[in-house]
Amino acid sequence: MNLSELIHEFILALIEPGILVGSIGTVSFINTANSAFSLGLVFTCISLLYFALNADFIAAAQLLVYVGAINVLIVFAVMITDQSVSSDSEKRGIGYFTALGACSILFLTIVCIFHKINDFYSSSIHQSEYLKLNLFEQNDVQNIGYQLLNKFLVPFELASLLLLVALVGAINPARDEDEGKDIAENQKKSFVSSTSPRDKSSFF
Amino acid sequence: MNDINSFLSRLNSIINFSTILPKIILIVGLITIVITDLVNKGKNANFLYKIFLISTLVSMGILFYQLISVIAFEDLYTNNTFNNLFRFFILICSFISVLLSVDYVLCSKISLVEFPLFKISAGLGGMILSCATNLITIYVSLEFLALSSCFLSGYTKRDIRSNEASMKFLLMSGASSSSLLNDFSLLYGFSDGQVQLDNIIDKILFSQYIPIICISAAFILAGTAFKLSLFPFHQWTPDVYEGSPTPVVAFFSVTSKVAALCLFTRLFRLIFPYLSNEWHIVVELLAISSMILGNLIVVTQRSFKRMLAYSSISQIGYVMIGILAADLENGYASMITYRFIYIFMNLGTFARITPFSLRTGSDNIKDYAGLYMKDPVLTFSLVLCLLSLGGIPPLSGFFGKLYLFWHGWKAGLYLSVTVALVTSVISIFYYLKIIKLMLTKTTNLVDTLKTYENQKSLVSSIISTKLKSSVEMAMILCALASTLSGLFMDPIIKITRNTFF
């Protein structure tokens with residue numbers, strides 16, 4: 001192994017325990033805020049993994065979206081809910097073992113698939129084809145930007161409209177209705193006296 | 001004279017060149033609504049609705065103009081008759097459903113502005129979904145439609161049932177679109193990185209990957225059948241329909257179903273032509289179960305909106321027969337014709353329920369008893385629309401169903417057509433039961449109907465005459481369309497014939 005591969009292995013060996021420790025911490029901390037923070041550790045290590053795999057755009061997107069938005073939202077929600085420390089979960093019922101069995105079967109399946117793919121691609125024919133693809137010389141971000149504004153222009157603009165509508169829709173249930181009520185009251189003052197059958201019904 | 005000619009020809013070329021011009025007009029309308037509300041600070045709500053109506057009308061006009069002239073192709077869309085017809089339908093749906101929602105929104109003391117905003121965005125999402133040939137565009141526009149519909153269904157936020165409806169809708173639409181996304185990633189992988197639907201078909205090697213293609217067909221079915229409310233994926237329909245505000249139910253009972261039908265047809269037709277035997281059998285099974293389930297459960301319903309929800313489930317079963325019966329010389333004519341007639345029938349029924357529920361505050365079918373004495377216009381038009389939904393001869397629903405079942409019989413779907421006929425009879429029974437309830441003169445009126453007269457006069461004196469008549473305009477339009485379209489069946493069939501691809 002030459003130097004670059006050695007460095008690569010070293011970095012991966014640093015990142016992977018981080019992911020493992022973070023995920024174990026997420027499921028086994030009793031205090032929910034601790035587990036939310038270790039979820040943040042998992043997301044950060046995953047994005048570092050993407051950097052190491054030469055996918056810089058996805059790494060940046062992962063940092064922005066998962067760590068910056070989703071994890072912050074989770075921590076925020078956890079800290080707002082005022083909960084006592086959860087009771088002991090030492091009793092391991094049938095659900096625990098079922099989940100353990102299902103997850104271990106899934107894990108073994110994934111490991112077998114990866115071994116098969118590894119064997120498939122290790123043979124010399126495929127390696128030369130793989131090197132011919134010349135993936136390392138493309139500039140991913142530039143390519144993505146180019147495609148976004150040329151081929152995928154309509155979904156791109158539509159996604160920005162979607163953001164606008166989602167913002168309006170998220171604020172709509174949450175805002176205070178005083179302004180609307182005043183104007184509505186002004187418009188139908190004499191209606192108020194006769195709204196009794198309507199108010200009593202279950203329709204509104 | 002020369003100047004006018006050259007100006008007209010340039011205008012002609014602009015309109016013909018840009019196939020996304022109708023959508024751009026809708027987007028401009030959306031932004032105008034937001035800005036107008038910001039400037040006016042909540043007053044003058046009628047103006048906003050007029051903007052919406054004007055923008056819908058203008059884009060309908062342009063779309064119609066494009067339909068009858070030569071159209072240029074673009075990369076992200078293909079512009080054949082199929083797409084244009086669906087876009088036109090969606091615009092009609094948006095237009096009519098806004099007409100009947102103005103009154104409701106004013107009366108129920110909820111904020112006025114966001115309603116046309118969400119309606120425009122849902123219509124926009126539906127339109128782009130109708131002519132998308134790109135996996136990514138399909139997904140983004142589907143999410144657009146689903147999110148806007150979800151916000152619309154949760155609009156009356158003080159009503160608990162509306163909150164429940166929008167929660168259910170959001171969760172289930174999220175689950176179904178995740179299944180659809182899973183399938184898209186399968187298709188993307190197996191076609192070696194192609195996103196355009198045409199390229200995907202070229203590159204999938206059917207000889208090697210048949211089990212995976214079957215799995216991806218199953219995922220697409222799960223994803224799109226949710227929006228169509230086909231049999232195992234219909235559970236959201238009654239609860240969401242009952243909880244959402246009535247004009248919203250009217251809107252997405254037609255719009256999202258039309259858009260989802262277009263998506264379903266396009267995906268199955270384009271991607272899986274070699275598997276047509278397999279997915280034909282599955283869709284036939286789902287259609288039969290939807291018809292049976294919808295029509296049997298509708299008999300036990302006490303709420304009008306739930307009844308309409310179950311009847312729309314069974315109507316989708318009929319329409320699936322039309323999809324299965326598509327062949328070369330007729331295209332999807334039967335399905336599209338029936339869809340067109342169904343829009344008017346359904347919107348007409350909702351246009352009657354909305355003022356009734358505004359005036360009496362009740363949704364129970366029993367409260368409709370003796371309506372004939374209080375409001376003959378409403379009763380008569382509701383009778384017409386319900387009979388058309390059931391499929392009684394001189395009305396257009398009969399002609400639509402006749403054409404659909406005849407096509408199905410010709411294509412060899414004997415079991416489905418038989419089941420459809422039997423369940424149609426069951427649905428006629430139920431509609432006639434409601435009509436009989438309305439038309440009989442009862443001596444002791446129900447409590448809610450006693451206050452009917454008072455409410456009506458107060459409503460009409462407060463709201464300006466323009467708005468009051470918009471619901472009646474919608475009512476009359478739909479009643480006329482659902483009776484007379486049967487006479488104009490032939491030209492409609494001729495237009496919808498050229499839609500096979």
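Remember, predicted model here, so these are calculated numbers, not experimental data. These numbers come from the heavy atoms of this one structure, side chains and all, not from hydrogens, waters or symmetry mates. Lettering of chains follows the sequences in order, A, B, ..., and the numbering in each one begins at 1.
For the pair B:N134/A:F152, a side-chain contact is recorded, criterion being any heavy-atom separation below 4.5 Å from C-beta on. Contact check for A:L161 versus B:S121: no side-chain heavy atoms found under the 4.5 Å cut-off. A heavy-atom distance below 4.5 Å is found between the side chains of A:N172 and B:F118. Looking at heavy atoms from C-beta onward, A:F156 lies out of side-chain contact with B:V140 at the 4.5 angstrom threshold.
Put simply, CG on A:L158 and CD1 on B:I128 are 4.5 Å apart, with the number rounded to the nearest 0.5 Å. One finds the CD1 atom of B:I27 at 10.5 Å from the CG atom of A:L164 (value rounded to the nearest 0.5 Å).
A 6.0 Å sphere centred on OH of B:Y139 holds more than 12 heavy atoms belonging to other residues, nucleotides or ligands. Atom CD1 of B:I160 is surrounded by 12 or fewer heavy atoms from other residues, nucleotides or ligands within 6.0 Å.
Residue B:I136 comes nearest to A:P155 through the heavy atom pair CG2-CB, 3.9 Å, listed as atom of the first residue, atom of the second, then distance. Here the closest heavy-atom approach between residue A:V165 and residue B:F144 is recorded as CG2-CE1, 3.8 Å.
At a 4.5 Å heavy-atom cutoff, B:S166 makes no contact with chain A through either its backbone or its side chain. Neither the backbone nor the side chain of B:I138 comes within contact range of chain A, judged by heavy atoms closer than 4.5 Å.
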